Amino acid sequence: MSTRKAPENASGSKGLKPWMKNLIFAAVILVLAAALYFGVRAAHSSKGSGLQATVDFGDGITETLPLDTDHDYLYDVGNYVVHLQVKDGAIAFLDSQCPDHVCEQFGWLDKDGAWAACVPAGVYVVVETTVE
């Protein structure tokens with residue numbers, strides 16, 4: 001039988017137990033996940049800045065909507081009510097009362113030059129860079 005002691009760490013402690021190592025590893029992963037989440041969220045929050053939507057109702061009647069402020073717009077155009085929503089830097093036709101609802105299928109417009117139209121109502125939307 002040997003009376004020799006096991007070598008100790010330089011600090012004199014025995015080291016971290018396996019469950020402590022797992023706990024530290026989990027904490028590091030959580031911190032990295034949180035940093036990634038908030039980084040991606042911050043990158044998407046600037047979406048829509050510098051963009052505006054021009055809504056054309058025909059006959060030279062237009063309205064310019066900023067995309068940096070969330071808002072719902074309802075327009076009564078002849079026989080139809082058109083619902084446009086600005087949210088998170090994008091604009092979309094929502095719940096329009098036109099017969100075919102093709103305008104709603106364009107989805108969210110958030111890039112310069114993107115467009116959508118509600119032909120029965122005669123409403124055309126195009127996303128443009130903000131004029132200074």
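None of the values given here were measured: they were computed from a predicted structure.
- No continuous path of ILVMFWY side-chain contacts below 4.5 Å connects L30 to L23, so the two sit in separate hydrophobic clusters.
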Checking E63 against Y73 for the side chain to side chain donor-acceptor pair (under 3.5 Å) test, could you report, in this order, the C-alpha distance in whole Å, the side-chain angles of both residues, the deciding distance, and whether it holds?
CA-CA 11 Å; E63 184 172 355; Y73 300 91; over 6 Å; no
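- The aromatic ring centroids of Y75 and F57 lie less than 6.0 Å from each other.
- Counting heavy atoms from C-beta on, the side chains of W115 and V125 never come closer than 4.5 Å.
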Kindly determine whether Y124 and V55 satisfy side chain to side chain contact (heavy atoms under 4.5 Å, CB included), including the steps that lead there.
CA-CA 6 Å; Y124 176 80; V55 183; over 6 Å; no
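- With sequence neighbours excluded, no residue forms a ring-ring contact (aromatic ring centres under 6.0 Å, His included) with Y80.
- To the nearest 0.5 Å, the span separating CG on L74 from CG on L84 amounts to 8.5 Å.
- Residues D72 and V86 fail the side-chain proximity criterion, which asks for heavy atoms closer than 4.5 Å.
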Stepwise side chain to side chain contact (heavy atoms under 4.5 Å, CB included) check, L67 with D110:
CA-CA 8 Å; L67 296 185; D110 63 353; over 6 Å; no
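- Between A92 and G107, the shortest heavy-atom distance links the atoms CB-O, 3.4 Å.
- Pairing each heavy atom of C103 with each of A117, the nearest pair is CB-O, 3.3 Å.
- Side-chain contact between I91 and L65 is present, with heavy atoms from C-beta onward closer than 4.5 Å.
- Judged by distance alone, the side chain of S96 and the main-chain N or O of V82 form no donor-acceptor pair under 3.5 Å.
- With hydrogens and angles ignored, the 3.5 Å screen pairs no side-chain donor or acceptor of T129 with any backbone N or O of L51.
- Between D70 and G89, the shortest heavy-atom distance links the atoms OD1-N, 4.5 Å.
- Under the 4.5 Å side-chain criterion, counting only non-hydrogen atoms from C-beta, V102 is not in contact with V119.
- Contact annotation: the side chain of Q85 approaches that of W108 to within less than 4.5 Å [non-hydrogen atoms, C-beta and beyond].
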Could you walk me through whether E128 and D112 satisfy the side chain to side chain contact (heavy atoms under 4.5 Å, CB included) test, starting with their C-alpha distance in whole Å, then the side-chain angles of each, then the deciding distance to 0.1 Å, before giving a yes or no?
CA-CA 5 Å; E128 306 167 332; D112 186 23; 4.3 Å; yes
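- The side-chain hydrogen bond (donor to acceptor under 3.5 Å, both in side chains) check on T64 picks up nothing, with sequence neighbours excluded.
- In this structure, H83 NE2 and D95 CG are separated by 7.5 Å, a value rounded to the nearest 0.5 Å.
- One hydrophobic cluster holds both V77 and I61 under the rule that ILVMFWY side chains link at heavy-atom gaps under 4.5 Å.
- Atom CG of D59 has 12 or fewer heavy atoms from other residues, nucleotides or ligands within 6.0 Å.
- Taking CD from Q97 and CG from D76, the interatomic distance works out to 8.5 Å, rounded to the nearest 0.5 Å.
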